[in-house]
Each structure stands twice: as C-alpha cells, then as structure tokens.
Amino acid sequence: MKIIITQGEAVQKGIWGKIMVMFGITEDSEVWINEQFILTEEQAKKLGLIS
C-alpha cells in the first residue's frame with residue numbers, strides 16, 4: 001500500500017520535519033504546499049498516519 005500526503009497536510013499533522021528528513025529536503029529546498037509525497041506503508045506507520 002502507498003500513502004500520499006501533501007506538504008500542507010504534513011505541516012498540519014506536525015510531521016513535516018520528519019518528511020523532510022525522509023526525502024532529503026532542506027530548508028533551502030523549494031516545496032509547494034500541494035506537493036505530494038508518496039510513503040510506503042512502513043513509513044506511514046512510523047509517522048503514525050496508520051496503525
């Protein structure tokens with residue numbers, strides 16, 4: 001299973017910092033609020049999005 005989350009949703013859920021680390025995004029990276037990130041089921045579980 002794949003989970004898709006946008007940058008805006010990640011910020012709202014308080015996991016944007018963790019997403020940044022997972023995808024190698026830095027503070028200098030240009031990221032749009034509606035940019036989508038595809039997570040594996042394992043990644044989504046680690047972030048607490050699913051159980």
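- Atom CD of residue Q7 and atom CG of residue N34 lie 9.0 Å apart, to the nearest 0.5 angstrom.
- Apart from F23 itself, the hydrophobic cluster it occupies contains M1, I3, I5, V11, I15, W16, I19, M20, M22, I25, V31, F37, L39, L47, L49, I50, where clustering links Ile, Leu, Val, Met, Phe, Trp and Tyr at side-chain heavy-atom distances under 4.5 Å.
- Scanning for salt bridge (Lys or Arg N to Asp or Glu O under 4.0 Å) contacts around K45 gives E41, with sequence neighbours left out.
- Within the model, atoms CD of Q43 and NZ of K18 stand 13.0 Å from one another, a figure rounded to the nearest 0.5 Å.
- In this structure, the side-chain hydrogen bond (donor to acceptor under 3.5 Å, both in side chains) partners of E9, at least two apart in sequence or on a different chain, are T6.
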